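Here is the structure we will look at, set down as structure tokens.
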Amino acid sequence: MIRRYALRWHTCRDSGRPSARDWAKQLGVSHVWLLKLVRKFEKDPNEVRRLHAYGEPTMEQLNRAKQYTELMRSRGELRSPRRRVPSAIEPGMEQFVKERFAQGWRKSRLARELFLDRRTVKKILQEVTQNSGQGP
């Protein structure tokens, strides 16, 4: 169903055609995935013909497809959306980062030389900078 709407968007020559982001948002998918489908349509004319054979998509069909997706989700047949899980920071590494920061290393150097994410370094040093602003 989404592929048919993506094809409809791709073949639309109207000047008021929404952007890929807007169209993907309306369909409830990623704009990156929408553009990936468009590249596939450009490479594979058989896919385009197959989708054209189904005819124009209707709102009823889209609603029915959404209901079926929800049913599949409730039965656990779909993967859950990816969520960033913060990585655990080892206490030894945390202490090492704090010591190097006290020696004058900048956050960017800590991240680069210790192969850490900048957010991780910021999180470790957040309590250091908060405590340094307070009195004894």
Side-chain angles (χ1 to χ4, degrees):
M1 193 76 234
I2 299 295
R3 290 174 195 271
R4 289 166 57 194
Y5 274 109
L7 179 62
R8 184 176 185 187
W9 174 81
H10 175 60
T11 57
C12 178
R13 298 294 171 231
D14 187 7
S15 62
R17 178 176 98 164
S19 68
R21 285 182 190 270
D22 287 340
W23 193 251
K25 189 175 184 179
Q26 290 176 30
L27 295 174
V29 297
S30 159
H31 75 281
V32 175
W33 189 67
L34 177 70
L35 295 174
K36 185 177 178 180
L37 284 176
V38 167
R39 285 191 304 273
K40 185 177 181 182
F41 297 152
E42 291 171 350
K43 287 182 182 177
D44 187 8
N46 290 329
E47 175 76 6
V48 174
R49 277 194 290 274
R50 187 180 69 78
L51 291 173
H52 274 301
Y54 286 109
E56 285 291 311
T58 65
M59 287 305 294
E60 179 188 334
Q61 291 171 334
L62 180 61
N63 290 333
R64 202 168 46 231
K66 284 181 179 181
Q67 289 172 351
Y68 185 69
T69 301
E70 284 304 315
L71 179 64
M72 290 176 70
R73 184 173 286 121
S74 69
R75 291 187 295 204
E77 296 174 357
L78 299 177
R79 291 184 293 174
S80 62
R82 291 186 203 173
R83 294 194 177 119
R84 282 191 70 142
V85 177
S87 58
I89 305 165
E90 295 179 23
M93 178 58 84
E94 193 170 320
Q95 185 61 35
F96 189 72
V97 169
K98 291 176 184 178
E99 289 171 3
R100 293 297 181 260
F101 185 71
Q103 292 174 357
W105 286 30
R106 300 231 183 262
K107 292 177 186 177
S108 57
R109 182 179 178 194
L110 288 165
R112 184 178 60 248
E113 294 193 16
L114 300 177
F115 303 104
L116 295 172
D117 184 74
R118 284 184 166 206
R119 289 181 186 158
T120 304
V121 172
K122 184 177 179 180
K123 183 178 177 182
I124 293 170
L125 296 177
Q126 191 171 16
E127 63 187 50
V128 172
T129 54
Q130 287 175 353
N131 293 339
S132 65
Q134 298 173 350

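Quantities reported herein were computed from a predicted structural model and do not represent experimental measurements.
Hydrophobic clustering keeps Met72 apart from Ile2 (ILVMFWY residues linked when any side-chain heavy atoms are closer than 4.5 Å, directly or through intermediates). Follow the hydrophobic side-chain contacts under 4.5 Å out from Leu27 and you reach Trp33 in the same cluster. If you chain together hydrophobic residues whose side chains sit under 4.5 Å apart, Val29 and Val32 never meet in one group.
For Glu99, the CD atom sits in a packed shell: over 12 heavy atoms of surrounding residues, nucleotides or ligands are nearer than 6.0 Å. Within a 6.0 Å sphere centred on CZ of Arg112, heavy atoms belonging to other residues, nucleotides or ligands number more than 12. Summarising the local packing, CZ of Arg17 is surrounded by more than 12 heavy atoms from other residues, nucleotides or ligands at distances under 6.0 Å.
Side-chain atoms of Trp9 come within 3.5 Å of backbone atoms of Pro18 as a donor-acceptor pair (strictly under, hydrogens ignored). Formation of a donor-acceptor pair under 3.5 Å by the Trp23 side chain with backbone atoms of Tyr5 is found in this model. A donor-acceptor pair under 3.5 Å is formed between the side chain of Arg4 and the backbone N or O of Gly55.
Nearest heavy-atom pair, Leu35 versus Ala20, reported as atom, atom and distance to 0.1 Å: CD2-CB, 3.8 Å. The two residues Ala6 and Leu34 make their nearest non-hydrogen contact at CB-CD1, 3.4 Å. Pro57 and Met1 get closest at one heavy-atom pair: CB-CE, 3.2 Å.
Rounded to the nearest 0.5 angstrom, Arg100 CZ and Leu114 CG are separated by 8.0 Å. The line from NZ of Lys107 to OG1 of Thr120 is 12.5 Å long, rounded to the nearest 0.5 Å. Rounded to the nearest 0.5 Å, atoms CG (Leu37) and CD (Glu42) are 11.5 Å apart. Lys25 NZ to Ser30 OG: the interatomic distance, rounded to the nearest 0.5 Å, is 13.0 Å. One distance of note links CZ of Phe96 with CH2 of Trp105; it measures 5.5 Å at 0.5 Å rounding. Distance check, rounded to the nearest 0.5 Å: CG of Leu125 to CG of Leu110 gives 6.0 Å.
For the pair Phe41/Leu51, a side-chain contact is recorded, criterion being any heavy-atom separation below 4.5 Å from C-beta on. Counting only heavy atoms from C-beta outward, the side chains of His10 and Val48 never approach each other to under 4.5 Å.
Every pair passing salt bridge (charged side-chain N to carboxylate O under 4.0 Å, His left out) that includes a residue from residues 49-59 is listed here, sequence neighbours excluded: Arg8-Glu56, Glu47-Arg50.
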Show me the side-chain donor-acceptor pairs of residues 62-69 shorter than 3.5 Å, one per line, residues at least two apart or across chains.
{"from": "Asn63", "atom 1": "ND2", "to": "Met59", "atom 2": "O", "distance (Å)": "3.3"}
{"from": "Arg64", "atom 1": "NH1", "to": "Glu60", "atom 2": "OE2", "distance (Å)": "3.2"}
{"from": "Thr69", "atom 1": "OG1", "to": "Ala65", "atom 2": "O", "distance (Å)": "2.9"}

